[in-house]
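Report on the structure given below.
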Amino acid sequence: MLFKKSIPSLIAEAAESGEGTLKRTLSSGGLVALGVGAIIGAGLFSLTGIAAAENAGPAVTLSFVVAALGCAFAGLCYAEFAAMIPVAGSAYTYSYATMGEFVAWIIGWDLVLEYALGAATVASSWSQYFNQLLIVFGIHLPDSLLHGPWEGGYVNIPAIIIICLLSLLLIRGTQESSLVNNILVVVKVAVVLIFIALGWSFINPLNHDPFIPANEGEQLVRSGQLGFFEFFKSDYFGHFGISGIMRGAGVVFFAFIGFDAVSTAAQEAKNPQKGMPIGIIGSLVVCTLLYVLFSYVLTGLENYTKFAGDAKPVATAFAQTGYTFLNTALIIAILTGYTSVILVMLLGQSRVFYTMSKDGLLPKFFSDLSKHRTPWKTNVIFMVFVSIFTGFVPVSDLGHMVSIGTLFAFVLVCIGIIVLRKTNPNLPRPFRTPLVPLVPILGIIVCIAMMASLPIESWERLAIWMIIGVVVYFVYSKKHSKIRSGYGPGSSTPPPTV
């Protein structure tokens, strides 16, 4: 028997105000800035070079287009849900209303991979750029304080500090956090535009030739010397050619993670029916345009092979322009980009657990609000949790984990739209996903294709994390679920459903 949240009860919950509820402070513009703040960051400034060098070459531009298509299809589905059910919780809440409590728990648990581990991954990279900025001013931190014990050091101190500072800011209030985020967004978007404008005239066409580097395995498949499934399992797959573009899309998909974080702030939007679609779709459109132009300039300034093993591909490429006086400004812009990503990911994580706690699936303290009406205990817990990961645990492979976890969430949201159109076709929908079921189906196909292109290790880690989540659900969450209270076997009252 499926236990689902009813849509009317969710809408009623969204209309609540006053003490014990989240404060509505975000405008449409603030929501767009929130999305852009979450999206532009580590993916653009680091993963673009990696994907170009190892997977797609100059065609990393096409990888961004493929990733953007998957995000666009999923984003249209998110927009319908967020406008119709403007409560905190994002994909978790949408799954609860369409596919039942167990699927909702799975997706809520899965979102930890996106938000908490995503914040840890970005904070670790933030630390390396912060060290570069300190060097400019003659300050040299020992490597032992920039890396964890599995990377030859003791602890990544700068990464822990930035996690703690941003967590404290979130505890202070969403409006204050949004203001800081808006400032960071303006700075980093300005520098991205400067990079594109100044770099365009220095593009060397030879660096884009060939635009799609050849994949020897694909040539063997076309000649009949190698079977497709053998190719899929071989080392050829994902290294240039069409398969390289697809794997590159899976890698740079991390650069799009964050637009869905807008939906986690639905309960803090002033006019969610209008603002949520604008925030989700608007931030996605802005970032896609910037990404395509940025990656085209990046691979035009420097040959893609030079980005192999380079942790600072943007600085490497920009050096070709001769504008060395802007190097420090570039580092500062990258730091602001990383900072806003961490801020929004920590916000998104706390709002998901806040909602799960209100449903009884997590202990009550996760939904306790401070005098500023923020879930401060959740912020503190994740401040410690994320600090441990970013300070002590190697995070070099977490980017793939974050991507596969997020893609899984997107697939479930797309499925949810199809289910809800069938089960509740007459519900008021301030925003309607166009061409249903075609758009959700395309979203599912593109997202699964990107998941399939990721390394097998990513699937193994996802499976392990999900198994842990299932155990937690049956040991604690199922027994404490509020929606199940009073609806057990023998009860004369039917369980609530959509």
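All values below come from the heavy atoms of this structure, side chains included, with hydrogens, waters and symmetry mates left out. Residues: numbered from 1 along the sequence shown. Here the structure is a predicted model, which means the values were calculated and not measured.
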Nearest 0.5 Å, please: how far is [atom2] in [Y] from [atom1] in [X]?
{"X": "Ile342", "Y": "Leu170", "atom1": "CD1", "atom2": "CG", "answer": "11.0 Å"}
{"X": "Cys414", "Y": "Ile448", "atom1": "SG", "atom2": "CD1", "answer": "9.5 Å"}
{"X": "Tyr323", "Y": "Phe195", "atom1": "OH", "atom2": "CZ", "answer": "13.0 Å"}
{"X": "Phe211", "Y": "Thr299", "atom1": "CZ", "atom2": "OG1", "answer": "6.5 Å"}
{"X": "Leu335", "Y": "Gln128", "atom1": "CG", "atom2": "CD", "answer": "11.0 Å"}
{"X": "Cys164", "Y": "Leu168", "atom1": "SG", "atom2": "CG", "answer": "7.0 Å"}

So which heavy atom on [X] is nearest to which on [Y], and how close?
{"X": "Gln349", "Y": "Ala116", "result": "OE1-N, 3.4 Å"}
{"X": "Ala119", "Y": "Leu346", "result": "CB-CD2, 4.1 Å"}
{"X": "Ser167", "Y": "Met383", "result": "OG-CB, 3.5 Å"}
{"X": "Ala409", "Y": "Ile107", "result": "CA-CD1, 3.1 Å"}
{"X": "Ala159", "Y": "Thr390", "result": "CB-OG1, 3.4 Å"}
{"X": "Leu141", "Y": "Pro158", "result": "CD1-CG, 4.0 Å"}

Decide yes or no for [X] and [Y]: does some side-chain heavy atom of the first lie under 4.5 Å from some side-chain heavy atom of the second?
{"X": "Phe73", "Y": "Ile445", "result": "no"}
{"X": "Phe231", "Y": "Leu220", "result": "no"}
{"X": "Leu133", "Y": "Ile332", "result": "yes"}
{"X": "Asn207", "Y": "Pro58", "result": "no"}
{"X": "Thr48", "Y": "Tyr291", "result": "no"}
{"X": "Tyr296", "Y": "His208", "result": "yes"}
{"X": "Val386", "Y": "Phe389", "result": "no"}
{"X": "Phe307", "Y": "Leu298", "result": "yes"}

**Request:** Count the heavy atoms belonging to other residues, nucleotides or ligands that lie under 6.0 Å from CZ of Phe202, then report whether that count exceeds 12.
**Result:** yes
**Prompt:** So does Trp376 have more than 12 non-hydrogen atoms from other groups sitting under 6.0 Å from CH2?
**Reply:** no
Backbone N/O of [Y] and side chain of [X]: donor-acceptor pair under 3.5 Å:
{"X": "Ser124", "Y": "Thr121", "value": "no"}
{"X": "His147", "Y": "Val155", "value": "no"}
{"X": "Gln132", "Y": "Ile331", "value": "no"}
{"X": "Glu80", "Y": "Thr433", "value": "yes"}
{"X": "Trp459", "Y": "Ile404", "value": "no"}
{"X": "Asn215", "Y": "Tyr236", "value": "yes"}
{"X": "Glu302", "Y": "Gln320", "value": "no"}
{"X": "Asn156", "Y": "Leu146", "value": "yes"}

**Asked** When you look at Phe431 and Leu76, which way does the side chain to side chain contact (heavy atoms under 4.5 Å, CB included) test go after all the steps?
**Response** CA-CA 9 Å; Phe431 177 87; Leu76 289 168; 4.0 Å; yes
**Asked** Where do Val112 and Trp465 land on the side chain to side chain contact (heavy atoms under 4.5 Å, CB included) test, with the steps shown first?
**Response** CA-CA 10 Å; Val112 176; Trp465 182 250; 3.7 Å; yes
**Prompt:** How are the rings of Trp126 and Phe130 set to each other: parallel, tilted or perpendicular (split at 30° and 60°)?
**Reply:** parallel
**Request:** If the plane angle is over 60° it's perpendicular, under 30° parallel, otherwise tilted; pick one for Phe410 and Tyr78.
**Result:** perpendicular
**Prompt:** Is the distance between the ring centroids of Phe353 and Tyr115 less than 6.0 Å?
**Reply:** no
**Request:** List the steps and the verdict of side chain to side chain contact (heavy atoms under 4.5 Å, CB included) for Leu62 and Ile212.
**Result:** CA-CA 9 Å; Leu62 299 181; Ile212 304 177; 4.2 Å; yes
**Counterpart residues, side chain to side chain donor-acceptor pair (under 3.5 Å), relative to Glu457 (two or more places apart)** = none
**Request:** Please lay out, stage by stage, how Thr288 and Val285 fare under the test side chain to side chain contact (heavy atoms under 4.5 Å, CB included).
**Result:** CA-CA 5 Å; Thr288 299; Val285 169; 6.0 Å; no
